[in-house]
Amino acid sequence: MATQQRAERTKEIVLRAAAKAFDADGYERTSLSRISARARVTTGAVVFHFGTKANLAEAVMQRARTVTRRAIESATSGSPSAVGKLMAVTRTLIDLLENDEVVRAAERLARELTPQGVQEEKCPWRREVARLSRAADAEGLLRPGVDAMALAALVSYVVSGVELAMRRPRLPTDEPWLGEAGALDGAAHVRVERIWHLVLPALEPAGEGGERPRSQIGSPSV
């Protein structure tokens, strides 16, 4: 039993080390020897548990899919409307991408290794975003003429864009003209809130008397 527990612990350490390496350097620039050095185990131990670098990358992506699926299920349980759930999903995704190197590494691996159509088919959060966008349309929560799948694509682009922005070095706050990354500064979750504040009025029909829908964010300066 103790031997099995040690083996499982080593396997987990290797998986986490691989995620950090893939996240930092991408698939092509990551070697088994670099992963073993991060994990502080022999390359033989890495091969014993996972066999190949491709198997390791798949294990990282599978773990990320499991973690993301559970997080999404939790995020969507607190709001009655599809639009509210969609916003909750984006917040959860950004939190995962900021704080979980496995999820962040998997997003990079999927971008580098998976064809676009297959990536969308396997990715739990992209499927959920598409489902919630269709549900928002079915519930009458979108303005007439708003395309549900265009909304799903927009949310997907925002999440992917914020993830890519996380990887860019921060620019001086007093010199935003140096590049696009300075155009929307602040922590990733703040960027997403500001984007939702901008987008929601164009998506949701106004309520009686022209009041703003409940799912809208209250302050543009978040």
Side-chain angles (χ1 to χ4, degrees), residues 19 23 61 63-111 114 116 119-143 146-168 170 180-205 212-222:
D23 179 40
M61 289 191 286
R63 171 68 65 81
R65 286 192 286 267
T66 299
V67 169
T68 303
R69 192 177 296 111
R70 290 173 180 167
I72 286 174
E73 288 173 0
S74 177
T76 54
S77 65
S79 176
S81 79
V83 172
K85 292 180 183 196
L86 193 57
M87 294 171 65
V89 165
T90 61
R91 293 174 181 134
T92 296
L93 289 170
I94 296 305
D95 182 64
L96 284 173
L97 289 167
E98 277 194 302
N99 299 298
D100 192 320
E101 68 268 14
V102 174
V103 174
R104 196 167 53 247
E107 193 69 16
R108 178 168 185 169
L109 286 169
R111 188 164 55 246
T114 312
Q116 185 66 29
Q119 178 184 355
E120 293 174 356
E121 180 181 336
K122 286 187 174 183
C123 177
W125 72 259
R126 287 182 172 85
R127 290 201 307 270
E128 183 65 5
V129 163
R131 186 188 73 80
L132 289 172
S133 297
R134 289 192 296 267
D137 189 27
E139 293 173 14
L141 299 177
L142 303 181
R143 286 182 183 273
V146 172
D147 187 297
M149 289 301 94
L151 171 59
L154 174 63
V155 173
S156 178
Y157 296 156
V158 167
V159 173
S160 297
V162 171
E163 181 259 333
L164 287 170
M166 290 179 190
R167 301 182 180 280
R168 291 200 292 260
R170 289 288 181 88
E180 185 180 356
L184 188 61
D185 58 4
H189 72 276
V190 174
R191 300 183 194 193
V192 170
E193 297 298 327
R194 290 169 66 188
I195 290 170
W196 270 120
H197 183 89
L198 175 68
V199 169
L200 273 173
L203 297 177
E204 294 187 309
R212 296 171 66 187
R214 289 191 177 196
S215 57
Q216 283 201 27
I217 299 169
S219 171
S221 59
V222 172

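Keep in mind that the numbers below use all heavy atoms, side chains included, and drop hydrogens, waters and symmetry copies. Residues take their numbers from the sequence shown, with the count starting at 1.
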Is there a donor-acceptor contact under 3.5 Å from the side chain of S156 to the main chain of A152? no
What pair of heavy atoms forms the shortest contact from A202 to V146, and how long is it? O-CG2, 3.9 Å
Is there a donor-acceptor contact under 3.5 Å from the side chain of R143 to the main chain of P201? yes
Exam field: side chain R134 to backbone M149, donor-acceptor pair closer than 3.5 Å: no
Distance, nearest 0.5 Å, that separates CG of L132 from CD1 of I72: 8.5 Å
Ion pair check, R191 and E163, cut-off under 4.0 Å: no
Partners meeting salt bridge (charged side-chain N to carboxylate O under 4.0 Å, His left out) with E128 (sequence neighbours left out): R131
Apply salt bridge (Lys or Arg N to Asp or Glu O under 4.0 Å) to the pair R91 and E98, showing each step before the final yes or no. CA-CA 11 Å; R91 293 174 181 134; E98 277 194 302; over 6 Å; no
Side chain to side chain contact (heavy atoms under 4.5 Å, CB included) assessment of L86 paired with L151: CA-CA 10 Å; L86 193 57; L151 171 59; 4.0 Å; yes
K85 side, atom NZ; S133 side, atom OG - distance, nearest 0.5 Å: 13.5 Å
Quick one: does any side-chain atom of S160 pair with a main-chain N or O of Y157 as donor and acceptor, under 3.5 Å? no
Under the 3.5 angstrom rule, does the side chain of S77 hit a backbone N or O of S74 as a donor-acceptor pair? yes
Reported CE-to-OG1 distance for the pair M61 and T68, which is rounded to 0.5 angstrom: 12.5 Å
Around atom CZ of R69, are there more than 12 heavy atoms from other residues, nucleotides or ligands closer than 6.0 Å? yes
Answer yes or no: is there a donor N or O on one side and an acceptor on the other, between the side chain of N99 and the main chain of D95, under 3.5 Å? yes
